[in-house]
Structures are given as C-alpha cells and as structure tokens.
S.K.: 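Dumping the structure here so I can ask a few things about it.
Nothing fancy with the numbering, it's 1 onward along the sequence. Excluded from the calculations below are hydrogen atoms, water molecules and symmetry mates; all remaining heavy atoms, backbone and side chain alike, are included. It should be emphasised that the depicted structure is a prediction, and the values quoted were computed from it without experimental measurement.
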Amino acid sequence: MKSLLSTLVILLCFSNYGMSQNKKDLTKPNIIIFYVDDLGWQDTELNNLDEPSPWETPNISQLADDGLNFTNAYSPAPTCAPSRAALLSGLHPTKTGVTHVSGGKIPTSARRSNYIAPFYPKGLMPEHFTIAEALKMNGYKTGHVGKWHVGTLNIQKSKQQGFDFAYESRGAHQGPKKPKNRLTDFATHDKSDAYRLSDEKYPPFTKVSPNGISYPKDMVTEKALEFITSNKEEPFFLYLAHWLVHAPIHTKNKELLQYYSDKLGIDFPKEDIPIRTEGQTNPFYGAMVTTLDWSLGRVVDLLKTTDDPRNPGKKLYETTYIIFSSDNGGVEKANGDIVTDNFPLDEGKKYAQEGGIRVPLVIAGPSIPKGKTEDVLINQLDFFPTILNLTESKIPAKYSSKLDGLDISNVLLNNENIVKNNTGEPREELWWHFPHNQDHQMQSAIRHGDYKLYKNHIKGNYELYRLYKDGEREDLEEKFDIASQNPEVVKELSTRLENYLTDNNAQFPYKNPSKFKSEEDREDVASIPVIISDSFDTKSRKASITLAKGKTKVIEPYALVKIAKKLRKKKNGKTRKYGKHDTTFIKIPLTSSKNNLEYTFTVPEGIIEYGVILIDENRFMVQSEFHKIN
C-alpha cells in the first residue's frame, strides 16, 4: 500500500511524471557515487579544449557514452573536506561550517598573511543528516569505500553517519615508505606482494604487451566490488570515494609508467626527483589517472555481468545510477612536482577560480539519454535531492527543507536543459565561499549565466569576468577583468552574492593584531579589546573573562572547547597520549553582561581544553589564553 500511495503522489506532480513513467518497471534503483580526489576538468578525455589531454580514460569516456556529460559542473568548494561534507549533507559549506580541510583548530594566520581565517569545524557532527542516512531510512544498504575526511572522532566516522559498511584504507594508493621511493616500490607478480599484479590484462595495449597490461591489486576497488556483490539482493548505495589522484604522485604500476614515458617521448625516470616539465607531462600522474579509470572499469564490468535478482531479466548496470565526479579541480603542483595543467581554466585546487571548482561530471543509469552533453549549471549539492527523487525516498521535512541543491531529475530523464527550483523557476546561478589560505585566495564568487564575479575579502573589491557570450566561449581563461566597464552587472551580482553570504552567516577573514604595525594601524590596534581577568571555577565549571573599559566594541564572542575520543590504556596500564586525529575544537556561544565587558560560559564535562575568541568592530581577532583541563 505504501508503494501504491507513493506512486499516486508522484503521478500528481507534473515535473516527475516522465520519471515515473520511465521507471514504472524498475524496483528501487541502486546508486553509486564514484568520487575522485583532485581530478581536474581537463584531466580526462571528456572536456578536451585546445590541446587534448594525453591521459587515456576509456572507461570514463564509455560511461559518458552511456549517459550524460555535464560540461558546466562544479564542486561545492575548491578543497576536499568542504566538498565532501556538502555532498554528503546536501548543505552548502557555509551551513556545515566546513569551508576548508584540517579544521577544528585554533585560528592562526597563514604564512605571509596579516589575516586569520575564521574558525571552521573538522567535519560533520552527529546532528548532520547524510544521504546515507536518508537512503538507509528508505531500505537501502549503504557502503563507503575509500577516503572519508569529514571527521576523525568516533562520533564523526562513516558508520555513525549512516553507512552499514566502511573500508577507508588507501589501497594501492599507499605511498612508498622510506627508504623505498616511487621508483623502488613497484608491484610484482610475487604471491606475497600485497599489491600483486593481476593475471588479467587490461588497457592500454602496447607493442610489448599487445594483449594489455597487469594492474596492482587495489583493495579500494576490491572492497567496492565486494560490497556490490554482497548487497545485490537489496537496493544499495555505494559511496566510492577514491584516494586517487591525490598526492603523493606515484604509481605501483611500472608498465603503465613506462607506457606514459614512451607516449610523452621522455626517458623512463631514473631518479626519484620532482617532475618539473610544464603542462600535462608528468608520467606518474598519467599512470594515476588511467589507474583510476581502470578502477571505474572494474566496477562497471561487474555491474554489466551481474544479474539483478530484484529485477529479473536485467543486469545491475541497467538498474544502477552511476555518478562520476571529483571533489575539486586539479592540483597543479604538489611536493615539488608539476602535476597537471588546468588550462584554459584559471588556477586549480584551493582557488575559487574555474580551475579550482569546475569538475568532470558524468551521470548514467536507467532512462538517462546516452551520449549526450549538457552545459546546464550543476553543483554537487544537487546530488542529494536528485537521488531522493530517483529512488522515491522520503525524509523528514526538517531535513529536506534545508537542502541547498536542486533536483535535476528533469534534466536527467525528461530531456530538459534547465534546472528548476521547487517553484518551477530556472536556476540562474551558483556561489562559493573560501576565506582561507593566502590573501589573494580569500574570495567568494558567484557564477551567473555567462558571468563570474569575485569578491576579494582582503582588498574589498570585486572582479568580473565574462566566461561565455551567448553560449560561446569568451574568456574562459579569466584574463580580462571587466568590472570597471560593467558597473551595473557588478552591482547586480555583488548584491546577489552579498545576500547569499549574509543569509548563510558566512564567516570572513579577520585581522591579526600582531601583524598590523604601520602608523595608520597603530590607533586601531591600541584600542582592541584587552582581557584583564580570565578565570575558571572547578566546582561550577564556569569560565569567565573580563575586558578593560574604553576599548572597541566586541561584535562576535565565542568559546572554542576541545573534545576528544576516549583513549584506551596501554598494556602497562598507562593512558595513551592524544594523537592529531583524536581531538578537535568545537565552537560554543558565550553569555555577555549588560555592559558587554564580562563573558561567561559553562565548560561541558569531558572538555580537555578551552579558550575564548573575540572579534571587534574593526574585525580584529583577539584570543584569550587556552587552558588545559585535567
């Protein structure tokens, strides 16, 4: 009866009519998100502009032939953790607070910067509702394989976020351990080799190996295949978050490294020294990209050769939606290597420019047109609501109402080329917020139609670029700032961007008092809030600070308290020390006195350290001492 009522509800909604008709003979489709780490928009054969990529990705290309390739797809952020938190929760990074990697720390200035990036949490917390929890609530078996990177405490781990199964080791991506290096740690056919080369042969085909080459055993891939095989009797959701192609830039596949050395016309590397040739000329990276493609091929091959027991007469490939994408743009340099080149896109990972956030995206599955390319604006935030629709899954309104993405099922299934919001209005724009790293990287951005506008948080100005003109490529390289020639466009887009930032309580960079030492800054620095008392009552657990009179107004006070996972004792009975993944700071509010000179809060039980952060009206950040609590 529940299924019948759900179908009737869907039939009443015109926007979903085509989908329900196309899927009328399909029982609960499976979902796979194949999420890559640091794969650039130009690193596959999907979006070749100007000079084609030398990296061979036949399985990615075949998936695109079987589905839709989106050329204007974006990650929610230019770095890993915020994109992953956003994809899993369906919430913009400004809502989760996770706006960069390695959060949960006391704010400090980046090197060569006078500014302090705002505090941001380490990852998702139990109150966040994930796509895995949503699908599990609707009868799905859920599995996570690969990289997590959205929290290391027990309460933040994948099995606490809705996943039934988790395997998070690096597999064959594990870098060589000294004294070995990337030229002395290749996989072999030895049975005792943890990365033993396969007996099966796979592309590429070479003169030396006309039947294909062997690949090292990769437990990330193997565990993904294991999850699919073990859960095919029920609808399943697999979040396969590959460690590839993140640094370290290396490969255990010597034959593949030789193949790319030959293809690029360079000698096989003789020393483990950085590759510093320009463009896409790093054979180690080429081998990584093709290994990633091989992994996707293994998954697709299993789906194509396995019967779906829930849908007689169909293979799993016919009943599974596959979403292939990357967490951010390509990293152009790492550990001395020139890794790749995102050209014609500007910049790369850690930048709000196109090279940092535009990513490859292919979606294939039941009733999706084959071999079609779409240039509609897509954000990975769209995955959550779209998957809910594709699987006819229902979640509580308190969660669904907060989702920031849009359901793109009409584009996937109904041959429409416009993404619409809940009121039927077409999507016009996407926006990003990255207040981190060096001064020139601390930006927010908005893509509206053909235009891209940036707000530079340190300079306080806007830049405007026209990426396209009437749908044709104009300044995809973002070379020409046309803000001064187009004040009305700047006014309109900056107003839209500022509204997003305000509505989502975006946090901005703050001035570091110790870095502002010029004559013109001296007065402002001298007037910042001064803490004259800082106390903690062990009985009541009340912490309080008192400020000196006559200083600038505090506009944002909060406390940072450090939580930690419970440590097991050593065999000798002594307690272990906390490692870097065992603790994190979280933000809690303060209570202020009427004159705003005293701030108090109760330190929760289990807290091992705390301190207070004050932001004044001139945007200086003042920090109290941080106190350890035994």
S.K.: Less than 6.0 Å separating the ring centroids of Tyr239 and Phe383?
M.R.: no
S.K.: With no hydrogens and no angle check, is any side-chain donor or acceptor of Glu133 less than 3.5 Å from a backbone partner on Thr130?
M.R.: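 Flag set: sc Glu133 to bb Thr130 pair under 3.5 Å.
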S.K.: Does Ala172 offer a backbone N or O that forms a donor-acceptor pair with the side chain of Asp218 under 3.5 Å?
M.R.: yes
S.K.: Quiz question: by atom type and distance under 3.5 Å, do the side chains of Asp327 and His149 form a donor-acceptor pair?
M.R.: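 His149 and Asp327 do not have a side-chain donor-acceptor pair below 3.5 Å.
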S.K.: Do the two ring centres, one from Tyr115 and one from Phe516, sit under 6.0 Å apart?
M.R.: yes
S.K.: Does the side-chain contact (heavy atoms from CB on, under 4.5 Å) test come out yes or no for Met137 and Ser393, once each step is laid out?
M.R.: CA-CA 8 Å; Met137 181 184 290; Ser393 294; over 6 Å; no
S.K.: So, Asn389 side chain and Pro385 main chain: donor-acceptor pair closer than 3.5 Å or not?
M.R.: no
S.K.: Any side-chain heavy-atom pair from Gln161 and Trp148 closer than 4.5 angstrom?
M.R.: yes
S.K.: Looking only at side-chain N and O atoms, does Gln380 offer a donor or acceptor that is under 3.5 Å from a partner on Tyr35?
M.R.: yes
S.K.: Side chains of Asn379 and Arg427: do they bring a donor and an acceptor to under 3.5 Å?
M.R.: no
S.K.: Assess whether side-chain contact (heavy atoms from CB on, under 4.5 Å) is satisfied between Tyr610 and Ile588, documenting all intermediate values.
M.R.: CA-CA 10 Å; Tyr610 79 89; Ile588 64 174; over 6 Å; no
S.K.: Show your reasoning for whether ring pair (Phe, Tyr, Trp, His ring centres under 6.0 Å) applies to Phe626 and Phe585.
M.R.: CA-CA 11 Å; Phe626 275 73; Phe585 279 101; 5.6 Å; yes
S.K.: Take Asp521 and Lys515, measure what salt bridge (Lys or Arg N to Asp or Glu O under 4.0 Å) needs, and give me the verdict at the end.
M.R.: CA-CA 10 Å; Asp521 298 321; Lys515 297 287 187 75; over 6 Å; no
S.K.: Using a distance-only test with no angle check, is there a side-chain donor-acceptor pair under 3.5 angstrom linking Thr600 and Thr591?
M.R.: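 There is no such pair between these side chains.
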S.K.: Judged by modelled atom types alone, do Asn512 and Ser109 share a side-chain donor-acceptor pair under 3.5 Å?
M.R.: yes
S.K.: Is a side-chain N or O of Asn504 found less than 3.5 angstrom from the main chain of Ala506, in a donor-acceptor match?
M.R.: no
S.K.: Could you tell me whether the side chain of Leu497 reaches within less than 4.5 Å of the side chain of Tyr454, counting heavy atoms only?
M.R.: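 Side chain of Tyr454 against side chain of Leu497, heavy atoms only: no contact under 4.5 Å found.
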S.K.: Side chains of Phe129 and Ile395: closer than 4.5 Å at any heavy-atom pair?
M.R.: yes
S.K.: Given the rule in the side chain to side chain donor-acceptor pair (under 3.5 Å) test, do Glu226 and Tyr167 qualify, once you have shown the distances and angles that lead to the verdict?
M.R.: CA-CA 11 Å; Glu226 178 185 310; Tyr167 178 84; over 6 Å; no
S.K.: Indicate whether the side chain of Thr99 and that of Gln507 have a donor and an acceptor atom separated by less than 3.5 Å.
M.R.: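 The criterion, which ignores hydrogens and geometry beyond distance, is not satisfied for Gln507 and Thr99.
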S.K.: Ignoring hydrogens and angles, state whether a donor on the side chain of Ser113 or Asp439 is under 3.5 Å from an acceptor on the partner side chain.
M.R.: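 A pair is found: one side chain offers a donor N or O, the other an acceptor, under 3.5 Å apart.
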S.K.: Treating Asn342 as the side-chain partner and Leu345 as the backbone partner, does any N or O pair qualify as donor plus acceptor under 3.5 Å?
M.R.: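 Not confirmed, Asn342 side chain does not pair with Leu345 backbone.
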S.K.: Mind checking whether His436 and Met442 have side chains closer than 4.5 Å, heavy atoms only?
M.R.: no
S.K.: In the structure I gave you, are the side-chain heavy atoms of Val622 and Asp616 within less than 4.5 Å of one another anywhere?
M.R.: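 Answer no - side chains too far apart.
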S.K.: Ring of Trp431, cation from Lys455 - is the NZ or CZ under 6.0 Å from the centre and inside 45° of the axis?
M.R.: no
S.K.: Using a 4.5 Å cut-off on heavy atoms from C-beta on, say whether the side chain of Phe536 contacts that of Arg541.
M.R.: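 With C-beta onward as the side chain, the pair touches.
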S.K.: How would you list all residue pairs meeting salt bridge (charged side-chain N to carboxylate O under 4.0 Å, His left out) that involve residues 554-567, not counting sequence neighbours?
M.R.: Glu556-Lys587, Lys562-Glu609, Lys565-Asp582
S.K.: Answer yes or no: is there a donor N or O on one side and an acceptor on the other, between the side chain of Thr502 and the main chain of Asn499, under 3.5 Å?
M.R.: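 No, the answer is negative, given that no donor and acceptor are paired below the 3.5 Å cut-off.
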S.K.: Just grab all the salt bridge (charged side-chain N to carboxylate O under 4.0 Å, His left out) pairs involving residues 148-167, residues at least two apart or on different chains.
M.R.: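 Listed by first then second residue: Lys136-Asp164.
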S.K.: Side chain of Asp382, backbone of Leu406: donor and acceptor closer than 3.5 Å?
M.R.: yes
S.K.: May I ask you to test the Leu39-Val359 pair for a side-chain heavy-atom distance under 4.5 Å?
M.R.: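 Counting from C-beta outward, Leu39 and Val359 never come under 4.5 Å.
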S.K.: List the residues meeting ring pair (Phe, Tyr, Trp, His ring centres under 6.0 Å) with His581, not counting sequence neighbours, and say none if there are none.
M.R.: none
S.K.: Between the side chains of Gln353 and Gln443, does any donor sit under 3.5 Å from an acceptor?
M.R.: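 Per modelled atom types, Gln353 and Gln443 side chains form a pair under 3.5 Å.
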S.K.: Verify, without hydrogens or angle tests, whether Asn328 (side chain) and Cys80 (backbone) share a donor-acceptor contact under 3.5 angstrom.
M.R.: yes
S.K.: Against Leu240, only a single residue in Val299, Leu296, Ile33, Thr221 fulfils side chain to side chain contact (heavy atoms under 4.5 Å, CB included); can you say which?
M.R.: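 The single option meeting the side chain to side chain contact (heavy atoms under 4.5 Å, CB included) with Leu240 is Val299.
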S.K.: Ignoring hydrogens and geometry beyond distance, is a side-chain donor-acceptor pair present between Asp43 and Tyr285 at under 3.5 Å?
M.R.: yes
S.K.: Given the rule in the side-chain contact (heavy atoms from CB on, under 4.5 Å) test, do Arg358 and Leu467 qualify, once you have shown the distances and angles that lead to the verdict?
M.R.: CA-CA 13 Å; Arg358 193 184 287 211; Leu467 307 182; 4.2 Å; yes
S.K.: Could you tell me whether the side chains of Glu429 and Tyr500 share a donor-acceptor contact shorter than 3.5 Å?
M.R.: yes
S.K.: Looking at Lys402 and Lys95, would you say the former's side chain and the latter's main chain have a donor-acceptor pair under 3.5 Å?
M.R.: no
S.K.: Backbone N or O of Ser527 within a donor-acceptor pair of the Thr552 side chain at under 3.5 Å?
M.R.: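 Looks like yes, one N/O pair under 3.5 Å.
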S.K.: So do the side chains of Ser295 and Phe34 get within less than 4.5 Å of each other, counting heavy atoms only?
M.R.: yes
S.K.: Is it true that Tyr465 and Glu354 share a donor-acceptor pair across their side chains at a distance under 3.5 Å?
M.R.: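 Their side chains do not contain a donor-acceptor pair, so the 3.5 Å distance test is not met.
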S.K.: Counting the benzene-type ring for Trp, do His144 and Phe227 have ring centres under 6.0 Å apart?
M.R.: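 They do not qualify: ring centres at least 6.0 Å apart.
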